[in-house]
Structures are given as structure tokens and as C-alpha cells.
Amino acid sequence: MSKMTNSRKTHLKSLMLQVAKVALEKEVADAAAEKERYLSENCPPLSLPHSLQELQEFCKKLHAKIDVVDEERYDMEVKVQKSSKELEDLNQKIFDLRGKFKRPALRRVRMSADAMLRALLGSKHKVNMELRANLKQVKKEDTDKEKDLRDVGDWRKNIEEKSGMEGRKKMFESEA
């Protein structure tokens, strides 16, 4: 398709604007005619009564009509609120459904536990699934504290030795 010249573009644009203007004027005229038709059907011409009694009756009729219209308006508002609440709920459901990702069907993969952990944790973490290798090796060595505990024996003897001033003196000398 060849390119249009600027003059052709402006000419087409002005034609489109003229058509849109005519359509808009027709729409406004149709709306005004519809309003006139509705008012002539539903609102008879106003004729005010001349006596006080007739005027009071006319006011009572107007109030009755106002009450009917208010009830209809209230019913319509309730329907609109109910519909809008329902729409919000449905939109929320749609949003929730879109937000969830479809999980793909899982395939069976032959992979060792070590390879799987390496894939999950990355190559810098060295993981070994052999649990016995992870256990800390403890060598059985007699430490000084254990020897002291074995030498102490019965705790009552130890308390008797440390009781009194001589015992306190021994405790301070042994710590220092």
C-alpha cells in the first residue's frame, strides 16, 4: 500500500470530522425529541386549582406520587448496589484465577539426591547425602576436668573438704 500525501490525509480528516459533527447533531436532536415524548406521556400539563380545598388535594396527590417515585428509586439503588457487589466478587474471582499459575505435569526425573541438592543449593554448597559422613568424629580423650571429676568421687567428701576457712583458702589458691 502506498503512502498518502499530507493534503489527502487532511482532506480525509476533515471529511471524517464533518460526518462526526452531523452524527453528533442528529444524536442531540434525537435525545431532545425523546425527552419531549417522555414528558408528554408521563407528565400531563400542570393546571393549578383555584380553591384551597382543591389545592390541598392536589398537594396530597403530588406527595403520594413522590413517595412512589422515592420507593422505586430506593429499589433501583438497592438493585444497583447488589449488582455492583456481585460484579466486584466476580472480578475478584477472575483476578484470583488469573493469578494462579497452571502447574505443568511433572515428569519423573532420574536424579540422585546429591545432584538434586546441588541443583537446588547451587554448586558452591557441597552437600553429601551420606549421613554418617556428616556426623562429627569424636575421639575419646581424657580431659583434665573429667579426671578431676573422677578423682573427686563422692560429692559429700568434696563439700566437707571445702567447708570452713581452710576450704575457702584452698579454693582461692587452686583458682589462682
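By convention here, the first residue in the shown sequence is residue 1.
- Shown here for Met4 and Lys9, the closest heavy-atom pair between the two residues is O-CE, 3.9 Å.
- Within the structure, side chain to side chain donor-acceptor pair (under 3.5 Å) contacts touching residues 82-91 (residues at least two apart or in different chains) do not occur.
- Counted within 6.0 Å of CD on Glu77, heavy atoms from surrounding residues, nucleotides or ligands total more than 12; the atom is thus considered enclosed.
- Distance check: Leu52 CG to His50 NE2 gives 13.5 Å after rounding to the nearest 0.5 Å.
- Rounding to the nearest 0.5 Å gives a distance of 11.5 Å between CG of Leu55 and NZ of Lys60.
- Closest non-hydrogen pair, Ser40 versus Arg37, comes out as OG-O, 2.8 Å.
- Summarising the geometry, atom CG belonging to Asp75 is positioned 7.0 Å from atom CD belonging to Glu71; distances are rounded to the nearest 0.5 Å.
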**OP:** Could you walk me through whether Asp70 and Arg73 pass the salt bridge (Lys or Arg N to Asp or Glu O under 4.0 Å) test, one step at a time?
**Re:** CA-CA 5 Å; Asp70 280 344; Arg73 181 181 54 84; 3.7 Å; yes
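- From Lys21, atom NZ reaches atom OG of Ser14 across 12.0 Å, with rounding to the nearest 0.5 Å.
- Atoms CD and CG, on Glu25 and Asp30 in that order, are 12.0 Å from each other to the nearest 0.5 Å.
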**OP:** Would you please test Leu15 and His11 for side-chain contact (heavy atoms from CB on, under 4.5 Å) and show each step?
**Re:** CA-CA 6 Å; Leu15 287 176; His11 178 66; 3.5 Å; yes
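- In this structure, OH in Tyr74 is found 13.0 Å from NZ in Lys79, a value given to the nearest 0.5 Å.
- Enclosure of atom CD in Glu27 is not indicated, since only 12 or fewer non-hydrogen atoms of other residues, nucleotides or ligands lie within 6.0 angstrom.
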